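All figures in this text were calculated on a predicted structure; none of them were measured in a lab. All values below come from the heavy atoms of this structure, side chains included, with hydrogens, waters and symmetry mates left out.
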Amino acid sequence: QSAQDVLAVLTSTENALTGLAGGGSMNSVNFSTALHRIGRHSFRDDTRAAALKDPRFALFMCSLAEAVSGLDHTKSIKTIQEELEKGTSTLVVPGENSIKFKPREWSNIAWAIAKLRLAPPNNAFPLDTSEEVVGDLVEASFQLRSQVLEAARLRKQGKLTTDSPWVATLSKVSGLLMDSISHTILTTTKNFNSQEWANLLWAMATAGRTDEDVSKRVTTNLLHSMTAMQKDGILPKPQ
């Protein structure tokens with residue numbers, strides 16, 4: 001499947017792009033696999049550019065960001081926006097209907113973001129691994145959705161003056177997604193294996209979105225994992 005094939009499937013899946021966090025039609029495997037395949041098939045500059053300019057990809061990244069943030073996919077985007085305005089939404093505590101991501105899915109998401117060169121480096125957009133990153137990610141996702149919809153409206157009226165005006169916000173969302181993964185690494189004890197730690201280390205170094213604390217956590221756990229494998233007589237894979 002090409003990136004365009006993946007986006008076509010997502011478009012035909014009800015609520016996957018337009019519903020909050022995929023609207024209940026997507027699970028963690030669907031999200032991570034779709035992004036991983038898009039990343040794998042968009043390594044050339046022309047295919048990468050086509051993906052970044054595609055509004056379907058931007059909306060997919062919004063759904064992914066909302067799912068990673070733990071939003072309740074049974075609610076509407078408007079409801080969450082109203083809760084945020086009233087201060088009644090607790091974003092740092094995943095709800096009952098939140099999508100739960102596993103280590104392999106976290107590593108695949110980070111790998112694909114780095115492969116697509118989506119996230120800005122730390123010196124362009126400061127790293128944030130605090131709890132506030134969840135709220136920032138949701139806010140950026142809603143901003144990206146608004147920009148895509150506004151561009152569609154202007155295009156229909158023949159008034160769109162800039163091609164894909166949402167790309168800068170897409171980059172911001174991607175950076176915050178990486179930061180959210182780093183926050184998870186620093187605050188949980190999820191059981192990543194050596195391949196997943198290696199993927200995360202490569203992704204964060206390639207994207208330039210890491211700091212001493214995150215790098216130390218990833219490298220220390222990678223070394224511990226590899227040492228445990230060798231004690232069991234298992235050699236690490238070349239990759």
Engineer: Do Q4 and D54 have side chains that get closer than 4.5 Å, going by heavy atoms?
Structural biologist: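 Side chain of Q4 against side chain of D54, heavy atoms only: contact under 4.5 Å found.
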
Engineer: Give me the atom names and distance for the closest heavy-atom approach of S69 to V134.
Structural biologist: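 Distance-wise, the nearest heavy atoms are O-CG1, 3.7 Å.
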
Engineer: Judged by modelled atom types alone, do T79 and S76 share a side-chain donor-acceptor pair under 3.5 Å?
Structural biologist: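 Yes, a side-chain donor-acceptor pair sits under 3.5 Å.
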
Engineer: May I ask you to test the M26-L10 pair for a side-chain heavy-atom distance under 4.5 Å?
Structural biologist: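 Yes, close enough: below the 4.5 Å cut-off.
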
Engineer: Between the side chain of S107 and the main-chain N/O of L200, is any donor-acceptor distance below 3.5 Å?
Structural biologist: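 No; zero donor-acceptor contacts below 3.5 Å.
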
Engineer: For V214, is there any backbone N or O sitting under 3.5 Å from a side-chain donor or acceptor partner on S182?
Structural biologist: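 No, the answer is negative, given that no donor and acceptor are paired below the 3.5 Å cut-off.
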
Engineer: Tell me, yes or no, whether the heavy-atom count around D46 atom CG, taken from other residues, nucleotides or ligands under 6.0 Å, exceeds 12.
Structural biologist: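 Yes, because the 6.0 Å sphere around CG of D46 holds more than 12 heavy atoms from other groups.
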
Engineer: Do W111 and W197 land in one hydrophobic cluster if side-chain heavy atoms of ILVMFWY residues count as linked below 4.5 Å?
Structural biologist: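 Hydrophobic grouping puts W111 apart from W197.
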
Engineer: How long is the gap from CG on L71 to CD1 on I99, to the nearest 0.5 Å?
Structural biologist: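 The CD1 atom of I99 is 9.5 Å from CG of L71, to the nearest 0.5 Å.
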
Engineer: Do NZ/NE/NH1/NH2 and the carboxylate oxygens of R145 and E150 come within less than 4.0 Å?
Structural biologist: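 Not counted as a salt bridge, because no side-chain N and carboxylate O are separated by less than 4.0 Å.
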
Engineer: When you check the side-chain N and O atoms of E14 and S25, is any donor under 3.5 Å from an acceptor?
Structural biologist: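 Side-chain D/A pair, E14 to S25: absent.
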
Engineer: Let me confirm one number: the CZ-CD1 distance from F192 to I185, rounded to the nearest 0.5 Å.
Structural biologist: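 Nearest 0.5 Å value for the CZ-CD1 distance: 5.5 Å.
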
Engineer: Determine whether L35 and N108 make a side-chain contact, defined as any pair of heavy atoms from C-beta on separated by less than 4.5 Å.
Structural biologist: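 No, too far: nothing below the 4.5 Å cut-off.
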
Engineer: Determine yes or no for a side-chain-to-main-chain donor-acceptor pair under 3.5 angstrom, with S225 supplying the side chain and N221 the backbone.
Structural biologist: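 The answer is no, because no donor-acceptor pair under 3.5 Å joins these two groups.
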
Engineer: Between T184 and S180, is there a donor-acceptor pair closer than 3.5 Å when you use the side chain of the first and the backbone of the second?
Structural biologist: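 At least one qualifying donor-acceptor pair exists.
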
Engineer: Could you check whether any side-chain heavy atom of V68 comes within less than 4.5 Å of a side-chain heavy atom of F31, counting everything from C-beta outward?
Structural biologist: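 No, side chains not in contact.
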
Engineer: Rounded to the nearest 0.5 Å, how far does CZ of R153 lie from CG of L160?
Structural biologist: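 Atom-to-atom, L160:CG and R153:CZ are 10.5 Å apart.
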
Engineer: Between N193 and E196, is there a donor-acceptor pair closer than 3.5 Å when you use the side chain of the first and the backbone of the second?
Structural biologist: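 Such a contact is found between N193 side chain and E196 backbone.
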
Engineer: Taking a hydrophobic cluster as the set of Ile, Leu, Val, Met, Phe, Trp and Tyr residues connected by side-chain heavy atoms closer than 4.5 Å, whether directly or through intermediates, do F125 and I181 fall within one such cluster?
Structural biologist: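 Yes; tracing contacts between hydrophobic side chains, which count when under 4.5 Å, links both residues.
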
Engineer: Side-chain heavy atoms under 4.5 angstrom apart, residues restricted to Ile, Leu, Val, Met, Phe, Trp, Tyr: same cluster for L177 and L127?
Structural biologist: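 Cluster IDs for L177 and L127 differ.
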
Engineer: Within the distance-only criterion (no hydrogens, no angle test), does the side chain of S2 pair as donor or acceptor with the backbone N or O of D5 below 3.5 angstrom?
Structural biologist: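 Yes; judged by distance alone, with no hydrogens or angles, the pair exists.
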
Engineer: Looking only at heavy atoms, what is the nearest atom pair of A65 and V173, with distance?
Structural biologist: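 Closest pair (atom of A65, atom of V173, distance): CB-CG1, 3.9 Å.
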
Engineer: So which heavy atom on A58 is nearest to which on L144, and how close?
Structural biologist: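 Minimum heavy-atom separation between A58 and L144: O-CD2, 3.6 Å.
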
Engineer: When rounded to the nearest 0.5 angstrom, what is the spacing between CG in L154 and CG in L149?
Structural biologist: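 L154 atom CG to L149 atom CG measures 11.0 Å (nearest 0.5 Å).
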
Engineer: Output yes when a side-chain donor or acceptor of S42 lies under 3.5 Å from a complementary backbone atom of R48, and no otherwise.
Structural biologist: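 No, because the side chain of S42 does not come within donor-acceptor range (under 3.5 Å) of the backbone of R48.
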
Engineer: Would you give the length of the straight line joining atom NZ of K172 to atom CG of L137, rounded to the nearest 0.5 angstrom?
Structural biologist: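 Between atom NZ of K172 and atom CG of L137 there are 10.0 Å.
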
Engineer: Using only atom types and a distance under 3.5 Å, with no angle test, would you say the side chain of S98 pairs donor to acceptor with the backbone of G70?
Structural biologist: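 Side chain of S98 to backbone of G70, a donor-acceptor pair under 3.5 Å: yes, one is there.
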
Engineer: Given the rule in the side-chain contact (heavy atoms from CB on, under 4.5 Å) test, do K75 and N97 qualify, once you have shown the distances and angles that lead to the verdict?
Structural biologist: CA-CA 9 Å; K75 295 184 177 182; N97 295 305; over 6 Å; no

Engineer: Can you hop from I109 to V29 via hydrophobic side chains spaced under 4.5 Å?
Structural biologist: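 Different clusters: I109 never reaches V29 through Ile, Leu, Val, Met, Phe, Trp or Tyr contacts under 4.5 Å.
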
Engineer: Take atom CZ in R56; do more than 12 heavy atoms of anything else shown fall under 6.0 Å from it?
Structural biologist: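 Counting other residues, nucleotides and ligands, CZ of R56 exceeds 12 neighbours.
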
Engineer: Once you round to the nearest 0.5 Å, how far does CG of L7 lie from CZ of R37?
Structural biologist: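 One finds 13.0 Å between CG of L7 and CZ of R37.
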
Engineer: Do V218 and M226 belong together in a cluster built from hydrophobic side chains that touch within less than 4.5 Å?
Structural biologist: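 Same hydrophobic cluster.
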
Engineer: A quick test of your reading: do over 12 heavy atoms of other residues, nucleotides or ligands sit less than 6.0 Å from CD of E139?
Structural biologist: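 No, the 6.0 Å shell around CD holds no more than 12 heavy atoms from other groups.
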
Engineer: Any sub-3.5 Å donor-acceptor pair from T129's side-chain atoms to H183's backbone N or O?
Structural biologist: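 No.
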
Engineer: Which pair of non-hydrogen atoms, one from A21 and one from E66, has the smallest distance, and what is that distance?
Structural biologist: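 Taking every non-hydrogen atom into account, N-OE1, 2.9 Å.
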
Engineer: Please, which pairs that meet salt bridge (charged side-chain N to carboxylate O under 4.0 Å, His left out) have at least one residue in residues 204-220, sequence neighbours excluded?
Structural biologist: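 Every pair satisfying salt bridge (charged side-chain N to carboxylate O under 4.0 Å, His left out) with a residue in residues 204-220: D179-R209.
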
Engineer: For a 4.5 angstrom cut-off between non-hydrogen side-chain atoms, does M178 reach T210?
Structural biologist: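 Answer no - side chains too far apart.
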
Engineer: What's the shortest heavy-atom distance between L118 and S174, and which atoms?
Structural biologist: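 Looking at all heavy atoms of both residues, the closest pair is CB-OG, 3.4 Å.
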
Engineer: Partners of F57 by ring pair (Phe, Tyr, Trp, His ring centres under 6.0 Å), sequence neighbours excluded?
Structural biologist: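 In terms of ring pair (Phe, Tyr, Trp, His ring centres under 6.0 Å), with neighbours along the sequence ignored, F57 is linked to no residue.
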
Engineer: What pair of heavy atoms forms the shortest contact from D136 to L176, and how long is it?
Structural biologist: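 Result for this residue pair: O-CD1, 3.6 Å.
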
Engineer: Are side-chain heavy atoms of F142 and L20 found at a separation under 4.5 Å?
Structural biologist: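 Yes, their side chains come closer than 4.5 Å.
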
Engineer: Check whether any side-chain N or O of K102 sits under 3.5 Å from a backbone N or O of K100 as a donor-acceptor pair, and report yes or no.
Structural biologist: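 A pair under 3.5 Å: no.
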
